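Since the structure is predicted, the reported quantities are computational estimates derived from the model, not experimental observations.
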Amino acid sequence: MLDSRYNHGRYYAPVGTVARTLPGEYRSYYHHGAPYYFSGGVWYAPRGVGFVVVTPPIGLAIAVLPPYYSTVWIGGIPYYYADNVYYTAAPDQSGYVVATPPDDGAQGAPQAPPDGSADPNAQGGSYAQGAPQAPSDLIIYPKQGQSKDQQAADEYECHNWAKGQTGFDPTQPDGGVAPGDADRAYSNYDRAMAACLQGRGYQVN
């Protein structure tokens, strides 16, 4: 189904869809002891001998955002939106959490960032499309048999290191740098991410 909210423009499997196996490159998470699996912005939970697409519980903590999302400012707070799920930053948990859907008004229109800036590529300037995070651009292979949970933790720590080295943050519009510098900064960020992950025993292409 097409998720057109905030001009998100991505297709997702609807809630209730049953799959015999999980898609590739999924991440495992747990909330109050219950397992959930995350792939391409879609959440799955075990169901019998297969898995079912679900809405994740509020408060579930994740290491990285979906590969594609829309950054929506509501009440002066940035929310990261994808597939009818809102996420907010949770520095105390080294990542993000599934958030209660905010009240964005009767029209469902997001507010502009509080500093008055807007993404020049956003239609009408009403929202800012988040850049895909580096893990979606890099092909990462755990050469030392690292678990998916360990890989997620390593990717997040390398993201923080690469961000500090380059000043580029892929969770922000234009990476948080001047638009004219975004391509160069993103390239440097990818190189820093690759170097960090290779140092932790991953093959990166």
Side-chain angles (χ1 to χ4, degrees), residues 1-3 5-6 8 10-104 108 110 130-136 138 140 142 144-161 163 169-172 193 197 200 202:
M1 296 179 63
L2 176 64
D3 182 356
R5 190 172 178 79
Y6 308 120
H8 186 60
R10 307 294 300 181
Y11 286 88
Y12 299 98
V15 170
T17 299
V18 177
R20 293 180 61 85
T21 60
L22 290 170
E25 302 301 320
Y26 68 86
R27 301 176 186 274
S28 301
Y29 293 101
Y30 292 85
H31 186 70
H32 294 166
Y36 294 88
Y37 306 98
F38 192 41
S39 178
V42 178
W43 287 94
Y44 300 82
R47 171 72 62 84
V49 296
F51 304 89
V52 63
V53 176
V54 298
T55 299
I58 303 300
L60 189 155
I62 62 175
V64 294
L65 290 168
Y68 296 94
Y69 59 88
S70 295
T71 303
V72 185
W73 289 83
I74 299 174
I77 299 172
Y79 290 84
Y80 308 103
Y81 172 86
D83 193 21
N84 292 311
V85 179
Y86 295 83
Y87 305 86
T88 55
D92 59 328
Q93 299 189 55
S94 298
Y96 307 85
V97 295
V98 177
T100 301
D103 180 8
D104 57 359
Q133 292 184 292
S136 68
L138 302 176
I140 304 168
Q144 299 176 359
Q146 297 93 328
S147 68
K148 290 185 178 294
D149 288 343
Q150 181 61 52
Q151 181 173 335
D154 286 339
E155 287 180 11
Y156 183 77
E157 291 176 9
C158 284
H159 156 72
N160 279 336
W161 182 80
K163 180 174 65 174
D169 183 354
T171 68
Q172 300 299 319
M193 275 289 294
L197 290 166
R200 294 176 178 233
Y202 296 89

Asker: Could you pull out all residues at least two apart from Tyr79 that satisfy ring pair (Phe, Tyr, Trp, His ring centres under 6.0 Å)?
Answerer: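 For Tyr79 there are no ring pair (Phe, Tyr, Trp, His ring centres under 6.0 Å) partners, ignoring immediate neighbours.
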
Asker: Would you compute the distance between atom NE2 of His159 and atom CG of Asp154 and round it to the nearest 0.5 angstrom?
Answerer: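 Between atom NE2 of His159 and atom CG of Asp154 there are 14.0 Å.
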
Asker: Measuring from Leu60:CG to Trp43:CH2, what's the distance to the nearest 0.5 Å?
Answerer: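 Here the rounded value is 4.5 Å.
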
Asker: Any non-hydrogen side-chain atom of Pro102 less than 4.5 Å from a side-chain atom of Ile77?
Answerer: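 The answer is no, as the side chains (C-beta and beyond) never meet within the 4.5 Å cut-off.
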
Asker: Tell me every residue that passes ring pair (Phe, Tyr, Trp, His ring centres under 6.0 Å) with Tyr81, counting only those two or more places apart in sequence or in another chain.
Answerer: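 Partners of Tyr81 under the ring pair (Phe, Tyr, Trp, His ring centres under 6.0 Å) test: Tyr6, His8, Tyr86.
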
Asker: Calculate, to the nearest 0.5 Å, the distance between atoms CZ and CZ belonging to Arg20 and Phe51 respectively.
Answerer: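 If I round to the nearest 0.5 Å, the distance is 11.0 Å.
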
Asker: So which atom in Ile58 and which in Pro101 form the shortest heavy-atom distance, rounded to 0.1 Å?
Answerer: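 Looking at all heavy atoms of both residues, the shortest contact is CD1-CD, 4.3 Å.
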
Asker: Nearest 0.5 angstrom please: Glu157 CD to Leu197 CG, how far?
Answerer: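 It comes to 10.5 Å.
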
Asker: Suppose the criterion is side-chain hydrogen bond (donor to acceptor under 3.5 Å, both in side chains): which pairs have a residue in residues 44-56, not counting sequence neighbours?
Answerer: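 For residues 44-56, and leaving out neighbouring residues, there are no side-chain hydrogen bond (donor to acceptor under 3.5 Å, both in side chains) pairs at all.
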
Asker: Do you know which two heavy atoms are closest between Val42 and Val53, and how far apart they sit?
Answerer: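 Taking Val42 first and Val53 second, the nearest heavy atoms are CG1-CG1, 3.7 Å.
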
Asker: Taking all heavy atoms of Gly59 and all of Val97, pick out the closest pair and write down the distance.
Answerer: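 Minimum heavy-atom separation between Gly59 and Val97: O-CG1, 4.1 Å.
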
Asker: Drop me the distance from Ser70's OG to Asp3's CG, to the nearest 0.5 angstrom.
Answerer: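 Taking OG in Ser70 and CG in Asp3, the distance rounds to 8.0 Å.
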
Asker: Are any non-hydrogen side-chain atoms of Ile62 and Arg27 less than 4.5 angstrom apart?
Answerer: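 Side chain of Ile62 against side chain of Arg27, heavy atoms only: no contact under 4.5 Å found.
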
Asker: Give the minimum heavy-atom separation between Gly41 and Pro67, together with the two atoms involved.
Answerer: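 Shortest heavy-atom separation between Gly41 and Pro67 comes out as N-CD, 4.0 Å.
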
Asker: Within the distance-only criterion (no hydrogens, no angle test), does the side chain of Gln146 pair as donor or acceptor with the backbone N or O of Arg200 below 3.5 angstrom?
Answerer: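 Pair found, side chain donor or acceptor close to backbone of Arg200.
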
Asker: Minimum heavy-atom separation for Ala99 to Thr88, with atom names?
Answerer: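 Scanning both residues completely, I find the closest heavy atoms to be CB-CG2, 3.7 Å.
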
Asker: Identify the heavy atoms of Tyr12 and Gly40 that sit nearest to each other, and give their distance.
Answerer: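 It is CE2-O, 3.5 Å.
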
Asker: Quick check: do Tyr80 and Pro66 have side-chain heavy atoms less than 4.5 Å from each other?
Answerer: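 Side-chain contact under 4.5 Å: no.
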
